[in-house]
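Side chains included, hydrogens not; waters and symmetry mates left out as well; all remaining heavy atoms used.
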Amino acid sequence: PPSAAANLRPGAEQKVVFITARVHPGETPSSFVCQGIIDFLVSQHPIAKVLRDHLVFKIAPMLNPDGVYLGNYRCSLMGFDLNRHWANPSPWAHPTLHGVKQLIIEMYNNPKINLEFYIDIHAHSTMMNGFMYGNIFEDEERFQRQAVFPKLLCQNAEDFSYSSTSFNRDAVKAGTGRRFLGGLLNDTSYCYTLEVSFYSYILDGPNSAVPYTEEAYMKLGRNVARTFLDYYRLNSLVERPLAPTPKTR
């Protein structure tokens, strides 16, 4: 249809941001952060409109629905920690991972699609604030480019901590979405785990911990979405509300 955004027209090149959440069913804050991202992106906010015109967001808000339904903390119905099975997910035992991975590989192999970001949202039981995990690369320039998004997010979200953000290649994490897709995708793609504390964030000093609320988690999600505007330097395209006319005496 003529009203469709240019990036959704057949044959158009697409920049894709892929977001997943709730692979660990007990990490409920990840759902609220993801909800904040979704609510913002589908809203009438001027920034959301610009983002929809320039990027395609693919979101899988719950990778472990059976575990959530059962009230499990970490595993699926069959007792798997799904976040250790990205390397070879079974369509029978890990169907959500299998489906998401197939979709990502299809997009990766499509010359008209640039899969630019993969962000997997989790919650952390011992650390405060929001923070990210990224991958380690031999290429120094790629490593530095990977730090740009979390640095911008730190400027937009008061509860996001760049100092807690870390880059690793821990063997224990080899089967995670971030690690596996970081190895699969090429050097124009960035893969992160976004973690947010189960309990609080620090604002001014070590003694000023602020308890998280559902709204605060959703606000972090909104700030993640807004950060793409800065990353892609789209700020000049946002419609500003008209300034009120100064009253004359």
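- Remark: the Asp120 side chain and the Thr20 side chain contain an N/O donor-acceptor pair separated by less than 3.5 Å.
- For the atom pair CD1 (Ile59) and CD (Gln35), the distance works out to 10.0 Å, reported to the nearest 0.5 Å.
- Here the OH atom belonging to Tyr231 is positioned 14.0 Å from the CG atom belonging to Leu51, to the nearest 0.5 angstrom.
- Salt-bridge formation is detected for the pair Glu141/Arg145: a Lys NZ or Arg NE/NH1/NH2 atom is positioned less than 4.0 Å from an Asp or Glu carboxylate oxygen.
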Applying ring-ring contact (aromatic ring centres under 6.0 Å, His included), run through Tyr133 and Phe131 and close with a yes or a no. CA-CA 7 Å; Tyr133 292 127; Phe131 58 96; 5.5 Å; yes
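- Taking the six-membered ring where the residue is Trp, the centroids of Phe143 and Phe167 are separated by under 6.0 Å.
- Side chain of Tyr199 to backbone of Thr126: a donor-acceptor contact under 3.5 angstrom is found.
- Within the 3.5 Å criterion, the main-chain N or O of Val23 finds a donor-acceptor partner in the side chain of Asn64.
- Residues passing the ring-ring contact (aromatic ring centres under 6.0 Å, His included) test with Phe32: none are found, sequence neighbours excluded.
- If you check the side chains of Asn135 and Tyr192, you find no donor sitting under 3.5 Å from an acceptor.
- No donor-acceptor distance shorter than 3.5 angstrom exists from the side chain of Asp159 to the backbone of Gly130, with no hydrogens or angles considered.
- At least one donor-acceptor pair closer than 3.5 Å links the side chain of Asn110 to the backbone N or O of Lys112.
- Between Met132 atom CE and Ile121 atom CD1 the span is 8.5 Å, to the nearest 0.5 Å.
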After noting the C-alpha distance and the side-chain angles of Arg222 and Glu215, does the key distance pass the salt bridge (Lys or Arg N to Asp or Glu O under 4.0 Å) rule? CA-CA 10 Å; Arg222 292 194 293 273; Glu215 174 53 37; 2.7 Å; yes
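- When atom types are taken as modelled, the side chain of His98 and the backbone of His94 share no donor-acceptor pair closer than 3.5 angstrom.
- A donor-acceptor pair shorter than 3.5 Å cannot be found between the side chains of Arg22 and Ser30.
- Sorted by first then second residue, the ring-ring contact (aromatic ring centres under 6.0 Å, His included) pairs that include residues 37-71, not counting sequence neighbours, are Phe40-His45, Phe57-Phe228.
- In this structure, a donor-acceptor pair under 3.5 Å is present between the side chains of Thr227 and Asn156.
- In this structure, His85 has its ring center under 6.0 Å from that of Phe80.
- Lys101 NZ: more than 12 foreign heavy atoms inside a 6.0 Å radius.
- Atom-to-atom distance recorded for Asp230:CG and Leu152:CG is 5.5 Å, nearest 0.5 angstrom.
- Note: Phe149 and Phe117 have tilted aromatic rings, judged against thresholds of 30 and 60 degrees for the angle between ring planes.
- Relative ring orientation between Tyr212 and Tyr201 is described as tilted, the plane-to-plane angle lying within the 30° to 60° band.
- Between the side chain of Arg178 and the backbone N or O of Gly134, at least one donor-acceptor pair lies under 3.5 Å.
- Crowding of Gln102 atom CD: a count of heavy atoms from other residues, nucleotides or ligands under 6.0 Å exceeding 12.
- For His122, the ring-ring contact (aromatic ring centres under 6.0 Å, His included) partners at least two apart in sequence or on another chain are His24.
- Side chains of Glu116 and Tyr232: a donor on one and an acceptor on the other come within 3.5 Å.
- Arg52 contributes a side-chain N or O that, together with a main-chain N or O of Leu41, makes up a donor-acceptor pair within less than 3.5 Å.
- Using a distance-only test at 3.5 Å, with no hydrogens or angles considered, a donor-acceptor pair links the side chain of Ser197 to the main chain of Met127.
- Between the side chain of Thr96 and the backbone N or O of Leu63 there is at least one donor-acceptor pair closer than 3.5 Å.
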